[in-house]
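First up is the structure itself, then whatever we jot down about it.
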Amino acid sequence: MFRRRESVPFSFVAEADRFRSNVTPPPRERTTASQLAGRSLVGLTVVAGLVGSLILGLPALSPAQGPSHTQQTEAGHGR
C-alpha cells in the first residue's frame, strides 16, 4: 500500500543559495529641484483639500438644534 518514494536530489537548491549575480542595477537618478517642488505642491494640495473638507463638513456633522418652529403646508391649515 505505501510505496517508498525515491529521494530527489536538491543540490540545485543549494547551488541557488550560493549563486550571486555579477550584474549591478543602474544607479538611481537624483531628484531635481523641480521634481521635489512638484511633489511638495501635490502633497500640500491634497492636505489642504482634506483640511478644507473637514472644516466645511464639521458643521454638517454636528448635532443640529431643533428648529424653533415647524413648517406646515397650506393643506394642513384647512383641516
Side-chain angles (χ1 to χ4, degrees):
M1 184 166 183
F2 294 106
R3 292 185 181 179
R4 186 172 183 176
R5 295 183 180 178
E6 295 181 21
S7 62
V8 179
F10 288 103
S11 62
F12 61 91
V13 175
E15 290 176 9
D17 288 340
R18 286 184 277 138
F19 179 75
R20 298 284 180 194
S21 175
N22 60 355
V23 178
T24 58
R28 286 186 166 184
E29 294 181 8
R30 291 188 173 260
T31 305
T32 62
S34 62
Q35 287 176 338
L36 187 60
R39 291 178 187 173
S40 300
L41 188 61
V42 168
L44 286 173
T45 304
V46 169
V47 170
L50 290 173
V51 169
S53 66
L54 185 65
I55 289 172
L56 293 175
L58 278 178
L61 294 175
S62 65
Q65 300 284 334
S68 60
H69 65 282
T70 58
Q71 294 180 350
Q72 295 181 353
T73 61
E74 291 181 16
H77 290 295
R79 292 186 178 181

Remaining members of the apolar cluster that contains Leu44, side-chain heavy atoms under 4.5 Å: none
Under the side-chain hydrogen bond (donor to acceptor under 3.5 Å, both in side chains) test, residues paired with Thr24 that sit two or more places apart: none
Nearest-0.5 Å distance, OG1 of residue Thr45 to CG of residue Leu50: 11.0 Å
Ser62: partners by side-chain hydrogen bond (donor to acceptor under 3.5 Å, both in side chains), with sequence neighbours left out: none
Remaining members of the apolar cluster that contains Leu58, side-chain heavy atoms under 4.5 Å: Leu54
Partner set under side-chain contact (heavy atoms from CB on, under 4.5 Å) for Val47, not counting sequence neighbours: Val51
Partners passing side-chain contact (heavy atoms from CB on, under 4.5 Å) against Thr31 (at least two apart in sequence or in another chain): Gln35, Leu36, Arg39
